[in-house]
S.K.: 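I'd like to ask you about the structure that follows.
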Amino acid sequence: MSDIVKITKRTQLQSGYYPLLQTSYRFQKFDGTWSHEIVRETVQRGDVVCVLPYDPAQQCFILIEQLRIAAVLEAERNGRPATGRVIEAVSGCIDDGESPEQAARRELHEESGLIAREMIDLGSVLTNPGMCDERLYFYIALVEAPMGEGTFGIAEEGEDIRLQYFEQSALETLLSAGRIDKAGALLLLYKFRAYLNR
């Protein structure tokens with residue numbers, strides 16, 4: 001527990017796919033005094049992996065495309081047309097008892113059908129600590145890209161995922177053109193660029 005935070009109350013407002021916790025707390029300010037009591041809601045997302053499959057022999061990387069309902073709702077709120085289909089990296093929650101790398105390998109196979117011969121750990125970040133407890137772990141998965149068609153994902157979870165193949169040379173175009181709209185995938189691509197330039 002933090003030495004500068006005093007939690008006075010926790011209330012579970014919602015359980016389910018995204019549990020919601022309300023926390024009442026005070027914190028020690030930079031001048032040494034204590035704040036008044038603050039009440040905030042946070043989504044209890046837990047830890048997540050974000051994986052970029054890369055075939056070094058063919059010098060190509062793979063992203064996935066799938067429907068995200070929040071993308072539809074955001075576009076609707078802002079008066080823009082949208083299909084809701086988002087190009088992103090393989091990602092998913094770390095299950096109880098799994099290490100981040102084990103989860104990355106499992107999600108890679110579930111969402112792309114690929115098996116990594118090596119996983120390269122690129123570190124982790126908090127995605128949005130103002131509202132969520134999610135920590136995102138980044139990996140590059142070295143694979144042999146089949147360049148095939150087909151869809152992937154777990155049907156019971158409503159997943160319908162298509163693979164998108166990109167030559168390594170397309171990386172800068174993707175980044176500069178703003179074609180990747182999901183923050184985790186975008187950050188992973190920047191980390192991937194640093195890996196290529198190391």
S.K.: Might you point out which heavy atoms bring E111 and I64 nearest each other, and give the distance in Å?
M.R.: OE1-CD1, 3.2 Å
S.K.: I need the minimum non-hydrogen distance between A104 and Y139, along with the two atoms involved.
M.R.: CB-CD1, 3.7 Å
S.K.: Are V48 and L186 connected into the same hydrophobic cluster when the rule is that any two of I, L, V, M, F, W, Y join if their side-chain heavy atoms are below 4.5 Å apart?
M.R.: yes
S.K.: Please, which pairs that meet salt bridge (charged side-chain N to carboxylate O under 4.0 Å, His left out) have at least one residue in residues 87-99, sequence neighbours excluded?
M.R.: R68-E88, E88-K182, D95-R106, E98-R106
S.K.: Please round to the nearest 0.5 Å and tell me the distance separating atom CG of D55 and atom CD of E144.
M.R.: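 It comes to 7.0 Å.
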S.K.: Grouping I, L, V, M, F, W and Y whenever their side-chain heavy atoms are under 4.5 Å apart, do L188 and Y195 come out in a common cluster?
M.R.: yes
S.K.: Just wondering, more than 12 heavy atoms not from D121 lying within 6.0 Å of its CG?
M.R.: yes
S.K.: What pairs of residues pass the ring-ring contact (aromatic ring centres under 6.0 Å, His included) test when at least one of them lies in residues 4-57, not counting sequence neighbours?
M.R.: Y54-F192
S.K.: Using a 6.0 Å cut-off, check whether atom CG of N197 has over 12 heavy atoms from anything other than its own residue.
M.R.: yes
S.K.: side-chain contact (heavy atoms from CB on, under 4.5 Å), that's the test. Do L52 and L63 meet it? Break it down for me.
M.R.: CA-CA 7 Å; L52 183 67; L63 295 171; 3.5 Å; yes
S.K.: Just grab all the side-chain hydrogen bond (donor to acceptor under 3.5 Å, both in side chains) pairs involving residues 124-136, residues at least two apart or on different chains.
M.R.: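 Matches after skipping sequence neighbours: R45-E134, S124-R135, T127-E134.
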S.K.: Using the ring of Y190 (Phe, Tyr or Trp, six-membered ring only), decide whether R193 places NZ or CZ under 6.0 Å from its centre and within 45 degrees of its axis.
M.R.: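 Checked: cation-pi criterion not met.
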S.K.: Indicate, with yes or no, if F138 and L114 share a hydrophobic cluster defined by side-chain heavy-atom contacts under 4.5 Å among Ile, Leu, Val, Met, Phe, Trp and Tyr.
M.R.: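 No: no chain of side-chain contacts under 4.5 Å links L114 to F138.
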S.K.: If you take all heavy atoms of G184 and L136, which pair is closest and at what distance?
M.R.: CA-CD2, 3.8 Å
S.K.: Specify the closest pair of heavy atoms between A145 and C60, including all atoms of both residues, with the distance to one decimal.
M.R.: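 In terms of heavy atoms, the two residues are closest at CB-SG, 3.8 Å.
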S.K.: Any heavy-atom pair between the side chains of R179 and I87 that's under 4.5 Å?
M.R.: yes
S.K.: Under a 3.5 Å distance rule, please check whether T151 uses its side chain to pair with a backbone N or O of D160 as donor and acceptor.
M.R.: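 Not a single qualifying donor-acceptor pair exists.
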S.K.: Quick one: are P146 and Y165 in side-chain contact, heavy atoms under 4.5 Å?
M.R.: yes
S.K.: Just by modelled atom types, is the I154 backbone N or O under 3.5 Å from a matching donor or acceptor in the E159 side chain?
M.R.: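 Looks like yes, one N/O pair under 3.5 Å.
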S.K.: What residue among R80, E76, E74 forms side-chain hydrogen bond (donor to acceptor under 3.5 Å, both in side chains) with N78?
M.R.: E74
S.K.: Looking at CZ of R26 and NZ of K6, how far apart are the two atoms once the value is rounded to the nearest 0.5 Å?
M.R.: 5.5 Å
S.K.: Near E167 CD, under 6.0 Å, is it more than 12 heavy atoms from other residues, nucleotides or ligands?
M.R.: no
S.K.: I need the L21 CG to T11 OG1 distance, nearest 0.5 Å.
M.R.: 7.5 Å
S.K.: Should V90 and I94 be regarded as members of a common hydrophobic cluster, given that ILVMFWY residues are connected when their side-chain heavy atoms come within less than 4.5 Å of each other, either directly or indirectly?
M.R.: yes
S.K.: Measuring from atom CD of E118 to atom CD1 of I120, what distance do you get when rounded to the nearest 0.5 angstrom?
M.R.: 5.0 Å
S.K.: When rounded to the nearest 0.5 angstrom, what is the spacing between CD in E65 and CZ in R85?
M.R.: 6.0 Å
S.K.: Are L189 and F61 side-chain neighbours, meaning at least one heavy-atom pair lies under 4.5 Å?
M.R.: yes
S.K.: Under 4.5 Å between side-chain heavy atoms, counting indirect links through other Ile/Leu/Val/Met/Phe/Trp/Tyr residues: same cluster for L122 and L108 or not?
M.R.: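 No.
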S.K.: Provide the closest heavy-atom pair for A82 versus A71 in the form atom of the first, atom of the second, distance.
M.R.: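 That closest heavy-atom pairing would be CB-O, 4.5 Å.
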S.K.: Before you tell me yes or no, could you show the steps for K9 and E37 under side-chain contact (heavy atoms from CB on, under 4.5 Å), namely the whole-Å CA-CA distance, both residues' side-chain angles and the distance that decides it to 0.1 Å?
M.R.: CA-CA 10 Å; K9 186 178 180 182; E37 187 173 72; 5.8 Å; no
S.K.: I need the I115 CD1 to L142 CG distance, nearest 0.5 Å.
M.R.: 14.5 Å
S.K.: Please find the pair of heavy atoms, one from A141 and one from V51, that lie closest to each other, and give the distance.
M.R.: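 Heavy atoms of A141 and V51 come nearest at CB-CG1, 3.8 Å.
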S.K.: Would you check if V43 and L20 make a side-chain contact, meaning some heavy-atom pair closer than 4.5 Å?
M.R.: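 They are in side-chain contact.
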